[in-house]
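Below is one structure, written out as structure tokens; comments come after it.
By convention in this document, chain letters (A, B, ...) are assigned in the order of the sequence lines, proteins followed by strands, and residues within each chain are numbered from 1. Nothing here was measured: the structure is a model prediction, and the numbers come from that model.
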2 protein chains.
Amino acid sequence: MVTIRDVARLAGVSVGTVSNVLNKSNKVKPETAKRVMEAVKELNYVPNTIAKSLKTNKSNVVGVLVEDICAFSSSTIIDGICAECDSREYVVNLANLRINTMVNHFSPKTYQTLVENGHFKNAVNSSINALLSARICALIYIGAHPRDISGILPKLNIPVIYAYCYGKNGDCCVNYDDFQGAKLAVEYLIKQGHTKIALISGPLDSVPAQKRLKSYKETLKEYNIPIYEEYIRYGDWGYDYAYRECINLINLPNPPSAIFSMSDVMAYGVIKALNDNGKKVPQDVSVHGFDNIESSWYMNPPLTTVKLPLWEVGNTAAKKVFEILENQGQNQKDILIPCTHIIRNSVNKI
Amino acid sequence: MVTIRDVARLAGVSVGTVSNVLNKSNKVKPETAKRVMEAVKELNYVPNTIAKSLKTNKSNVVGVLVEDICAFSSSTIIDGICAECDSREYVVNLANLRINTMVNHFSPKTYQTLVENGHFKNAVNSSINALLSARICALIYIGAHPRDISGILPKLNIPVIYAYCYGKNGDCCVNYDDFQGAKLAVEYLIKQGHTKIALISGPLDSVPAQKRLKSYKETLKEYNIPIYEEYIRYGDWGYDYAYRECINLINLPNPPSAIFSMSDVMAYGVIKALNDNGKKVPQDVSVHGFDNIESSWYMNPPLTTVKLPLWEVGNTAAKKVFEILENQGQNQKDILIPCTHIIRNSVNKI
DNA sequence: TTGTAGGCGTTATCAC
DNA sequence: GTGATAACGCCTACAA
């Protein structure tokens, strides 16, 4: 590899001068600078960031620790991070915990067990050490699902940002706005004339499910629509439970005219259950999703849903990193980014 | 940050000794080694890979340049790479070209234009430089779609592996097997009793489309089934064209009993077209997909399709990197990993 | 305006 | 077995 020394030799100057022009110090005569830059081009010199970091004791690499890169949300979040880092000539160091595989591997259904038995913490520590060893200047942790992960990460002396998950009080967390997103859905259903609006919720120990449920209830209340407990059903974010719960809903003496499903996948199960029971969507029953996963456009009918600002979550997290690094930290610890509404054809006016 | 020097001081030995125990040299007295390790623990010492790389002139970071991390294939491939790197204590440096955004941004529909006008090459060079600057020890390039990208990358003096894309002759490329995958589908259709098998192909300038088309024709020939040119239709991998072409197929005087779509998304369009024209899948017409994107399980009916070995492509690419780095390069340049068959409910026996 | 030299945290080569 | 010390490539005083 060609070094600053080779450049200096070719340009007929000293290494100090080369360093100065490379770092845009303006105490170099333009003529000398030009000669140096020519040598750089000619030799195809690429600065050794390694050596630079060692000297300056700060690196230009941000560590990204992702719980599972295969989660539907992860790649878009990472994309948002990369975009910001690119534009600042920072580099991304990626570590993947593969938590979904771990969950399968160790068989407990929930993260909780994994956390309690220590396997998860071990994996995290080992990844963190690798990242630390590479001297990352900041860490962004990306959850596979928005939940409280406080207590998972060891104390670090670099800035840490939680993206798509929650830390303890005082930690800097960037998330989408569950409450506002759910309100988008419920309000829309109401404005389309629905008052009998059922809910297929995620499990109650899930943070997003709690927030969206709260939003569902408060929004109905806001519009003076009574809340029927039998309209509120619980799934596990998956297809099968949603299918089953939807059938329970249909069989109610006073069945709903619209079903708000807290995930698109559950909405698929709902639509299937409806179709299997001779009901057409949206003519007979309206269905509203949440997540806007890619396939929802292809569903029959195309699913009306709520889009998560995933790219923005990642991008904002990265921006936050640089804010802190540059000491402009305005201490806005908890950032909530609004969702947007994707209107397609699964909801009818009543 | 605590250094090797601090450890040495606490353990009452020299830095050289600490370095030796850290690098598992066995010329250190076990007793001394123990003392050192205790100091490491106590001080929470994390080795500075940066400094180590500078000295040894080799890094433990593999660069991953991905055309678009949001492509459906990318995250699983990256996961496969990460898994291998993790187990060897290597670290992944990720750069994302965001090519799909670029294509939108600069409006040409195909990569070709982007390549020709130089925008793409600029982006690549700038990313490569950032990676090089971080002194990656090898590069894995991940395509957004399997195509020939030779001429895109500058000449590098580190090992380069092409994953999910093709380089020039002599380059090391890791891909799934298009021919074998398509054969899986066509052969299955035949064995279910179909002989009138139509094809919705991808565009002919696409490498996978060419290979799968070849496979389609050769497999039919192998089973002595005549090839009807009017059964071969061309889409653009997307929903709409597939929908339209399927209608053309239905209106043929002798319509097919099965349709092999070269992508799952196109299969969705096919199913919709069939349904809209009063045909049931699979009772009236069988539909076979290709890709096994996540949503295909949720389709109605769940789609029978071909699964791409994406994780294995990434994992093999990473393994190849280490083979080369360790000079065991067996010079197997072109690696093709077989697809697997996912049988669900969109194909009927005849 | 430019050159020189010390040191960032390691490893490796010698002595001892 | 262990300890001193010279690099690795770069930046930054400080000297010239």
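Donor-acceptor pairing under 3.5 Å is lacking for the side chains of A/S53 and A/S59.
Applying the ring pair (Phe, Tyr, Trp, His ring centres under 6.0 Å) test to every pair with at least one member in residues 56-86 of chain B, sequence neighbours left out, gives no pairs at all. Under the ring pair (Phe, Tyr, Trp, His ring centres under 6.0 Å) criterion, the residue pairs touching residues 128-149 of chain B are B/H145-B/W237, with sequence neighbours excluded. Among pairs with a residue in residues 48-72 of chain B, those fulfilling salt bridge (charged side-chain N to carboxylate O under 4.0 Å, His left out) read B/E67-B/R147, at least two apart in sequence or across chains. Listed by first then second residue, pairs satisfying ring pair (Phe, Tyr, Trp, His ring centres under 6.0 Å) with a partner in residues 42-67 of chain A number zero, not counting sequence neighbours. Applying the ring pair (Phe, Tyr, Trp, His ring centres under 6.0 Å) test to residues at least two apart or on different chains, none of the pairs has a partner in residues 12-40 of chain A.
Taken residue by residue, residues 128-139 of chain A places no heavy atom nearer than 4.0 Å to DNA chain D.
For the helix from C/dT1-D/dA16 to C/dC16-D/dG1, the rotation axes defined at the first and last 5 base pairs enclose an angle of 50°, given to the nearest 10°.
A/K319 meets the salt bridge (charged side-chain N to carboxylate O under 4.0 Å, His left out) test with A/E84; sequence neighbours excluded. Residues forming a ring-ring contact (aromatic ring centres under 6.0 Å, His included) with A/Y90 (at least two apart in sequence, or on another chain): A/F322. With sequence neighbours left out, B/D86 forms a salt bridge (charged side-chain N to carboxylate O under 4.0 Å, His left out) with A/R98.
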- Task: Carefully, step by step, assess B/I140 and B/I77 under the rule side chain to side chain contact (heavy atoms under 4.5 Å, CB included).
- Result: CA-CA 11 Å; B/I140 301 178; B/I77 296 176; over 6 Å; no

- The contact string for nucleotides 11-16 of chain C, one letter per nucleotide 5' to 3', using protein heavy atoms under 4.0 Å with B, S and - for base, sugar-phosphate only and none, comes out as BB----

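When heavy atoms are screened at a 4.0 angstrom cut-off, A/S53 is found touching no nucleic acid atom at all. Counting non-hydrogen atoms under 4.0 angstrom, B/N48 reaches the backbone sugars and phosphates but no base. Note on B/T49: nothing from the nucleic acid sits closer than 4.0 angstrom, heavy atoms only.
The existence of a salt bridge linking B/E323 and B/K320 is confirmed by a sub-4.0 Å separation between a basic side-chain nitrogen and an acidic carboxylate oxygen. Salt bridge status for B/K34 with B/E31: absent, with no side-chain N to carboxylate O gap under 4.0 Å.
In the 5' to 3' direction, nucleotides of DNA chain D lying under 4.0 Å from heavy atoms of chain A begin and end at D/dG9 to D/dT12.
Remark on DNA chain C: of its neighbouring residues A/T17 and B/T3, the 5'-side contact belongs to A/T17, judged by nearest-heavy-atom nucleotide.
Atom NZ in A/K29 sits roughly 10 Å away from atom P in C/dG3 (whole-Å rounding). In this structure, A/R35 places its CZ atom 14 Å from P of C/dT1, rounding to the nearest Å.
Considering only heavy atoms from C-beta on, B/E42 comes within 4.5 Å of B/L10 through its side chain.
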